[in-house]
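Written below as structure tokens is the structure these notes are about.
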Amino acid sequence: MVLGNTIYGYNYEVLLNKGVVLTNTYITLLKNRGFVRIYIDDGETADIVLNDPISDKIRIMSTKNIFKTYKITQSAITNIEAKTAESIIKCINAPKIKKSFQESQAFKQLCNDINYFIDEIMNQDILSGLNSIRSIDNYTYEHSIDTAVISLIIGKKLHLVREKLVQIAIGEFLHDIGKIFIDEKIINKAGKLTAEEFSAVKQHPTYGYELLKDIHNIGIVSAHIPYQHHERQDGKGYPRGLKGTNKLDDKGVTFTEQEKMIMIAEIAALADVYDACSSDRPYRPGLPPDVVYEMIKNGAGSQFNKELVDCFLSVVPKYPVGCEIRIKNGKYMNFTGVVSSLNTHQLLKPKIRLLTDNMKNKISPIEIDCSSKGIDTEIEGIR
Ligand SMILES: [Fe+2]
Ligand SMILES: [Fe+2]
């Protein structure tokens, strides 16, 4: 097997280069590092282009700077003994922590690169696929990048002004930074959290907001992304139980209105769930993209802003390129394959390539355009 994408390690050094032949030693190394999925270059799908909306260069630069910003801030808090939420908030507001955050080279660099990041995304109309491969070590940083990507594509569709896009990007990059003030054992716990642990986790939006609210390069509006990204339209979210209007009205609500979510946070709430559910974790594989798509659709009105969900469904394909699928009907029933390309005007009906038959035997590839007249092929995503 030949590796289809470059794999990066804890410090964003190259672990394995794209094109390398995977020996048993390499496979064990990847498993030990917590990788549960990688891309394989197998002649039959080599022409399928997995379009990452951002270039490797910008992805790596931004991920590295998020990682370093987290680490620098984390190192400033090592001696904090605070236990209650109030005392932790007090510590977060200590000048030492604010200073180490604000003056870190990584944070400055992250802010400097935002415009390049946005420019690259402004070249696309739909999210044809996300290309990040995650390990335990880099999950949070890649998650932060990918939620920014999803949110900015929605932002583009909504014709948001540049200033708003910048607010979205910086808020998303750091939306989970409050987690550094919570015991790592709880954050990385694989099983179900106890009530006590969950109430500790539920503080991360508040901690993130407290850290970012008065940082010069961020601004109060962006700080409301961390603060509100776990809130819901029906008021059942946390930490404050804010509500939403279920409308796309950017002018109606401001962050000073205590009981309502602001729109950029509503975008973040949606992107957060989409990305988290799609991603593999060491203790469970990610859900297939079509299942997550349906989850978002079903959450419209209660969890997510209804009008925003409509916008999301128009820019995110149910079956992205590279998505593994199974045929549900007809003569190819139970054959499996991958989505080879999208039909941009019929996002629900992509082009697919079948690679195995109903007995899981390899076949010579069969290409089907699900949007063609007379084709009634039904597909489902698999993992
Ligand atoms: Fe979060
Ligand atoms: Fe998140």
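Side-chain atoms are counted along with the backbone in the values below, which use heavy atoms only and exclude waters and symmetry mates. Read the numbers this way: they start at 1 and go in the same order the structure lists the ligands and their atoms.
Metal site remark for the Fe ion (ligand 1): H230 contributes an N, O or S atom at a distance under 2.8 Å. When distances to the Fe ion (ligand 1) are checked against a cut-off of 2.8 Å, D272 contributes no N, O or S atom below that limit. For residue H229, no N/O/S atom approaches the Fe ion (ligand 2) to within less than 2.8 Å.
Ring orientation note: the planes of F101 and F107 are tilted relative to one another, at an angle of 30° to 60°. H143 and Y139 have parallel rings, their planes meeting at less than 30° on a 0 to 90° scale where 60° marks the start of perpendicular.
Screening T206, I89, I92 for a side chain to side chain contact (heavy atoms under 4.5 Å, CB included) involving L211 leaves a single residue, I92.
The Fe ion (ligand 1) sits nearest to atom OD1 when only the N, O or S atoms of D176 are considered.
Looking only at side-chain heavy atoms (C-beta outward), P205 and Q228 stay at 4.5 Å or farther from each other.
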